[in-house]
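Everything on this sheet refers to the single structure shown next.
Counting starts at 1 for both ligands and their atoms, in listed order. In this text, all values refer to a predicted model and were calculated from it rather than measured experimentally.
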Amino acid sequence: MSYMNRRIKILAVSGGLRPTSTNALLVKEIQKWAPANVAISIYEGLATLPAFDDSTTISESVTEWRRQLSDADGVLICSPEYAFGVPGALKNAIEWTVKSSELVNKPLALITAASSGDKAHAAWLQIFSALSADIPAGGALLIPFIRTKFNEKGEVSDAATKEAILNTLQALIQTIDKKASEEMEQT
Ligand SMILES: Cc1cc2nc3c(=O)[nH]c(=O)nc-3n(C[C@H](O)[C@H](O)[C@H](O)COP(=O)(O)O)c2cc1C
């Protein structure tokens, strides 16, 4: 099978755990927009992870988080900004990957969706760069005023926002494809 026909697996993670989180809505929307050869699964375990303590006794939830990351060809992060910074639960989850290196060279797209979000977006870019995640050109998107972009059915109703999100997803998919073709050439 050529790499072009290959099924691509993306793990999507919302940094918002509030029942009405717009970021949680966003990952569900993007899941529906995936091209036919792309399966987007949503990581649901953020609230089950213990606070990072560098323990050598790793809980089942941490093992499962790392497994889902390793298993994915790429990762899509949708994050709010809380209190002028990155949300704690998602930062905690990322800290559990620092030593185990699941994000090293992993194609990753970052969407920060908040009221303004610029501080969290800049911080996430620095964090993912420090972890050597592979954020491609066009793979990072800041969406301010996120609540105004949805309709009452929980759908993204703003056409420009939808287009920008689809372009970000496409940048991630292209990077995953490129990586797969390079790996094929090496074998
Ligand atoms: C506790 C809390 C703190 C927030 N702090 C910020 C902030 O510092 N900057 C910002 O742009 N938006 C802030 N917001 C607004 C969120 O960005 C907004 O709720 C948006 O919908 C994205 O978060 P969500 O996924 O939880 O819905 C805050 C929201 C909450 C609930």
Might you confirm whether atom NZ of Lys153 has over 12 heavy atoms from other residues, nucleotides or ligands at distances under 6.0 Å?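 No, the 6.0 Å shell around NZ holds no more than 12 heavy atoms from other groups.
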Quick check: are there more than 12 heavy atoms from other residues, nucleotides or ligands sitting under 6.0 Å from CD of Gln126?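 No.
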Using a 3.5 Å cut-off on N or O atoms only, is [X] in polar contact with ligand 1?
| X | value |
| --- | --- |
| Phe84 | yes |
| Gly117 | yes |
| Ala83 | yes |

Under 4.0 Å from a heavy atom of [X]: which atoms of ligand 1 are those, numbered in the order shown and with their elements?
| X | result |
| --- | --- |
| Ser116 | 10 (C), 11 (O) |
| Ala113 | 22 (C) |
| Asn23 | 22 (C), 23 (O), 24 (P), 25 (O) |
| Arg18 | 19 (O), 24 (P), 26 (O), 27 (O), 31 (C) |

Answer with side chain, backbone, both or neither: which part of Lys119 has a heavy atom less than 4.0 angstrom from an atom of ligand 1?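 No part of Lys119 comes within reach of ligand 1.
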Residue and atom name of the nearest protein heavy atom (relative to [atom]), distance in Å to one decimal:
| atom | answer |
| --- | --- |
| atom 2 (C) of ligand 1 | Tyr82 CD2, 3.7 Å |
| atom 19 (O) of ligand 1 | Arg147 NH2, 2.7 Å |
| atom 23 (O) of ligand 1 | Pro80 CB, 3.2 Å |
| atom 16 (C) of ligand 1 | Glu81 O, 3.9 Å |

Closest candidate by heavy atom, reference atom 20 (C) of ligand 1, pool Asp118, Leu142, Thr22: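 The residue whose heavy atom sits nearest atom 20 (C) of ligand 1 is Thr22.
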Residue selection (non-hydrogen contact nearest atom 25 (O) of ligand 1) among Ser115, Gly16, Pro87, Ser21: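 The nearest heavy atom belongs to Ser21.
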Of all heavy-atom pairs between His121 and Thr112, which one has the smallest distance, and what is that distance?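 Of all heavy-atom pairs spanning His121 and Thr112, the closest is ND1-OG1, 2.6 Å.
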If the condition is side chain to side chain contact (heavy atoms under 4.5 Å, CB included), which residues does Thr168 pass it with, not counting sequence neighbours?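 With sequence neighbours excluded, Thr168 shows a side chain to side chain contact (heavy atoms under 4.5 Å, CB included) to Ala109, Ile111, Leu141, given in chain and number order.
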Looking at Asp54 and Lys99, does any basic side-chain N land under 4.0 Å from a carboxylate oxygen?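 Yes.
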Would the distance check show the side chain of Arg7 and the main-chain N or O of Ala36 forming a donor-acceptor pair, the cut-off being under 3.5 Å?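 Pair found, side chain donor or acceptor close to backbone of Ala36.
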Any side-chain to backbone donor/acceptor pair from Thr175 onto Ala171? Under 3.5 Å, distance only.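 Yes, because the side chain of Thr175 sits within donor-acceptor range (under 3.5 Å) of the backbone of Ala171.
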With no hydrogens and no angle check, do the side chains of Glu182 and Gln186 hold a donor and an acceptor under 3.5 Å apart?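 Side-chain D/A pair, Glu182 to Gln186: absent.
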Could you pull out all donor-acceptor pairs under 3.5 Å where a side-chain atom in residues 78-93 meets a protein atom, sequence neighbours excluded?
residue	atom	partner	partner atom	Å
Ser79	OG	Trp124	NE1	2.7
Glu81	OE1	Lys119	N	2.9
Glu81	OE1	Ala120	N	2.7
Lys91	NZ	Glu95	OE2	2.8
Asn92	OD1	Phe52	N	2.7
Asn92	ND2	Pro50	O	3.0

